[in-house]
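Quantities reported herein were computed from a predicted structural model and do not represent experimental measurements. Order of appearance sets the numbers: ligands from 1, and atoms from 1 within every ligand.
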Amino acid sequence: MRSKIVAGNWKMNKNAAETEALLTELSAKLPDTQAEVMVAPTFVNLSSAVRTLESSAIEVIAQNMHFAESGAYTGEISADMLLSIGVDTVIIGHSERRAYFGETDEILAKKVKAALAKNMRVMFCFGEELEDRKSENHFKVVESQLKNALFSLDASDWGKIILAYEPVWAIGTGETASPEQAQEMHAFIRKTIADAYDTSVANKVSILYGGSVKPGNAKEIFGKPDVDGGLIGGASLVADDFVAIIESI
Ligand SMILES: O=C[C@H](O)COP(=O)(O)O
């Protein structure tokens with residue numbers, strides 16, 4: 001059975017004290033759930049987050065990493081650095097990394113390989129822009145994002161991959177894909193993986209939806225058969241909202 005996952009991507013929000021406060025509140029309010037619950041605070045607060053959540057079921061994950069082992073890459077973070085503080089899951093390919101930091105499919109493919117080489121889990125994000133959807137090019141775009149970054153992996157690597165489909169037009173905009181649009185794309189993603197590998201790989205990979213998921217729409221989106229959870233931005237910064245979203249799965 002595929003894992004259900006609800007992950008909060010805090011992006012560039014919350015200082016040290018605020019991180020501690022939100023994690024403490026979340027831990028105290030965490031409901032009983034079948035889902036894996038993850039949070040991705042900023043790099044500077046990762047170590048303290050791991051310590052704060054030591055005896056909690058919430059997993060701390062990273063928002064990004066570099067593909068190189070180490071070296072002259074000012075401002076960057078390696079897989080070994082994350083592993084050394086107890087973080088073994090990393091988000092790769094978020095649309096904000098693609099749009100604002102020039103991360104291409106080629107760079108992302110290198111990052112995915114580097115993380116897998118260290119036995120890390122990868123939460124790979126992808127999704128079309130508004131123009132792609134308007135021109136009905138969205139399936140092609142998504143297919144090529146998957147192909148370019150992931151389809152040179154061995155089938156055995158897919159046990160370490162989580163997918164997060166995030167239509168860029170729905171991120172932080174308040175506009176969500178309808179549950180039907182999410183399901184349609186998730187089913188397409190699973191079929192694309194089945195065609196490239198086989199159905200056993202496709203049926204085992206968790207595919208999360210991200211883009212303006214809120215307490216009010218989470219249940220309907222998570223209710224779709226190919227939606228295995230969510231990657232939550234804004235609503236993960238408010239403990240009660242994030243908890244309500246976890247309760248919706
Ligand atoms: O990583 C999370 C996504 O970018 C979704 O963000 P959002 O929930 O604020 O739209």
Side-chain angles (χ1 to χ4, degrees), residues 4-14 18-19 22-23 26 35-43 45-46 49 58-65 82 87 89-103 108 111-112 115 121-130 132-133 138 141-142 145-146 149 161-179 181-182 185-186 189 206-222 224 227-249:
K4 301 275 185 194
I5 298 169
V6 180
N9 177 10
W10 291 8
K11 308 189 180 184
M12 197 173 73
N13 292 293
K14 306 285 177 192
E18 291 163 349
T19 297
L22 179 52
L23 292 176
L26 267 180
E36 290 182 55
V37 178
M38 305 174 180
V39 289
T42 61
F43 282 128
N45 295 319
L46 274 186
I58 304 172
E59 184 187 351
V60 178
I61 70 172
Q63 297 181 16
N64 180 31
M65 60 168 255
L82 295 174
V87 172
T89 301
V90 60
I91 297 172
I92 289 178
H94 193 280
S95 66
E96 288 145 20
R97 300 294 316 171
R98 295 173 191 258
Y100 309 142
F101 303 97
E103 296 197 0
L108 299 175
K111 289 189 175 203
V112 169
R121 267 202 309 183
V122 171
M123 184 180 291
F124 183 76
C125 302
F126 58 104
E128 81 283 359
E129 314 241 355
L130 184 58
D132 304 321
R133 172 109 356 211
H138 46 298
V141 168
V142 160
Q145 288 171 329
L146 285 171
I161 301 282
I162 300 159
L163 297 178
Y165 166 64
E166 300 203 310
V168 178
W169 49 272
I171 296 177
T173 58
E175 190 174 338
T176 350
S178 68
Q181 284 173 319
M185 183 57 90
H186 283 222
I189 292 163
S206 297
I207 309 178
L208 317 185
Y209 169 80
S212 299
V213 177
K214 308 281 177 220
N217 60 21
K219 206 172 184 66
E220 255 201 293
I221 296 171
F222 295 164
K224 293 295 177 189
V227 178
D228 303 306
L231 179 56
I232 320 301
S236 71
L237 298 169
V238 178
D240 288 336
D241 287 355
F242 194 51
V243 164
I245 291 170
I246 296 165
E247 283 170 338
S248 305
I249 201 147

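- Considering only non-hydrogen protein atoms, atom 9 (O) of ligand 1 sits nearest to G234 N, 2.8 Å.
- Taking distance alone, with nitrogen or oxygen atoms compared against 3.5 Å, K11 approaches ligand 1 more closely than that limit.
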Does the side chain to side chain contact (heavy atoms under 4.5 Å, CB included) test come out yes or no for L163 and L146, once each step is laid out?
CA-CA 10 Å; L163 297 178; L146 285 171; 4.3 Å; yes
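- Using a 4.0 Å cut-off between charged nitrogen and carboxylate oxygen, R121 and E36 count as a salt-bridge pair.
- In this structure the side chain of V39 never reaches within 4.5 angstrom of the side chain of S236, judged on heavy atoms.
- In this structure, M38 and F242 approach most closely via the heavy-atom pair O-CZ, 3.8 Å.
- Remark: ligand 1 atoms within the under-4.0 Å shell around heavy atoms of G211 are 5 (C), 10 (O).
- Considering backbone and side-chain N/O atoms, N9 comes within less than 3.5 Å of an N/O atom of ligand 1.
- Counting heavy atoms under 4.0 Å from ligand 1, residue A170 touches it through the backbone alone.
- Remark: among candidates S95, C125, S212, the nearest residue to atom 7 (P) of ligand 1 is S212, based on non-hydrogen atoms.
- Protein heavy atom in closest approach to atom 8 (O) of ligand 1: G233 N, 2.9 Å.
- In this structure, atom 3 (C) of ligand 1 lies nearest to the protein heavy atom E166 OE2, 2.9 Å.
- For the side-chain hydrogen bond (donor to acceptor under 3.5 Å, both in side chains) criterion with E128, the lone passing option out of H138, R133, Q145 is R133.
- F126 and Y165 have tilted rings, their planes meeting at an angle from 30° to 60° on a 0 to 90° scale.
- Heavy atoms of I171 found under 4.0 angstrom from ligand 1 belong to the backbone as well as the side chain.
- Residue G172 places a heavy atom under 4.0 Å from ligand 1.
- For E220, the CD atom sits in a loose shell: 12 or fewer heavy atoms of surrounding residues, nucleotides or ligands are nearer than 6.0 Å.
- Remark: ligand 1 and K214 share no N or O pair separated by less than 3.5 Å (distance only, no angle test).
- Screening L208, D228, V213 against F222 for a side-chain contact (heavy atoms from CB on, under 4.5 Å) leaves a single residue, V213.
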